[in-house]
Amino acid sequence: MNQVTIYTTPTCVWCNRAKSYLRENNISFVEKDVSRDRAAATEMINKTNQMGVPVLDINGSVIIGFDQYGINRLLGL
């Protein structure tokens, strides 16, 4: 089973597209809103050394932005 965490903000269009794509493919995920959760923001920055969203952590591999090809590759879609 895949472990997926997505770091988001409420106003991020690409975050919403990434979440919709995961839902369309029946991929469960944990969402962390970095605008409201300082610990999640720090965690994301420590993983990526950057502050932009979306960031997806898929089974320990990080994707920055909505990279459909990368998501598919890591999830075996």
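This one's a predicted model, so the numbers in the text were calculated from it and none came from an experiment.
Within the structure, the ring-ring contact (aromatic ring centres under 6.0 Å, His included) test picks out no pair touching residues 36-56 (sequence neighbours left out). Within the structure, the salt bridge (charged side-chain N to carboxylate O under 4.0 Å, His left out) test picks out the following pairs touching residues 43-60 (sequence neighbours left out): K32-E43, K47-D57. Under the salt bridge (charged side-chain N to carboxylate O under 4.0 Å, His left out) criterion, the residue pairs touching residues 15-26 are K19-E31, with sequence neighbours excluded. For the salt bridge (charged side-chain N to carboxylate O under 4.0 Å, His left out) condition, no pair includes a residue of residues 3-14, sequence neighbours left out.
In this view, S35 and D33 satisfy the side chain to side chain donor-acceptor pair (under 3.5 Å) rule, not counting sequence neighbours. Under the rule for a side chain to side chain donor-acceptor pair (under 3.5 Å), N49 has no partner lying at least two apart in sequence or in another chain. Checked against side-chain contact (heavy atoms from CB on, under 4.5 Å), N26 has no partners two or more places apart in sequence or in another chain. Scored by the side-chain contact (heavy atoms from CB on, under 4.5 Å) test, I63 finds L56, I58, D67, I71, L74 as partners (sequence neighbours excluded). Applying the side-chain contact (heavy atoms from CB on, under 4.5 Å) rule to N25 yields the partners Y21, I27, L77; only residues at least two apart in sequence or on another chain are considered. Not a single side chain to side chain donor-acceptor pair (under 3.5 Å) links R38 to another residue, sequence neighbours left out.
Hydrophobic clustering (side-chain heavy atoms under 4.5 Å, transitive across Ile, Leu, Val, Met, Phe, Trp, Tyr) keeps I64 apart from V4. In terms of hydrophobic clustering, with Ile, Leu, Val, Met, Phe, Trp and Tyr side chains grouped at heavy-atom distances under 4.5 Å, V62 and V30 are assigned to different clusters.
Distance CE/M44 to OG1/T5: 12.5 Å, rounded to 0.5 Å. Here the CZ-SG distance, from F66 to C12, works out to 11.0 Å after rounding to the nearest 0.5 Å. The OG1 atom of T8 sits 9.0 Å away from atom CZ of R36, with the distance rounded to the nearest 0.5 Å.
Of all heavy-atom pairs spanning F29 and I6, the tightest one is CD1-CG2, 3.5 Å. The two residues C15 and Y7 come nearest to each other via the heavy atoms SG-O, 4.3 Å. Of all heavy-atom pairs spanning P10 and N16, the tightest one is O-ND2, 4.2 Å.
Summarising the hydrophobic clusters (Ile, Leu, Val, Met, Phe, Trp, Tyr; side-chain heavy atoms under 4.5 Å, direct or chained), the residues clustered with V13 are none. Residues near M1 contribute nothing to a hydrophobic cluster around it, because no ILVMFWY side-chain heavy atom sits closer than 4.5 Å to its side chain.
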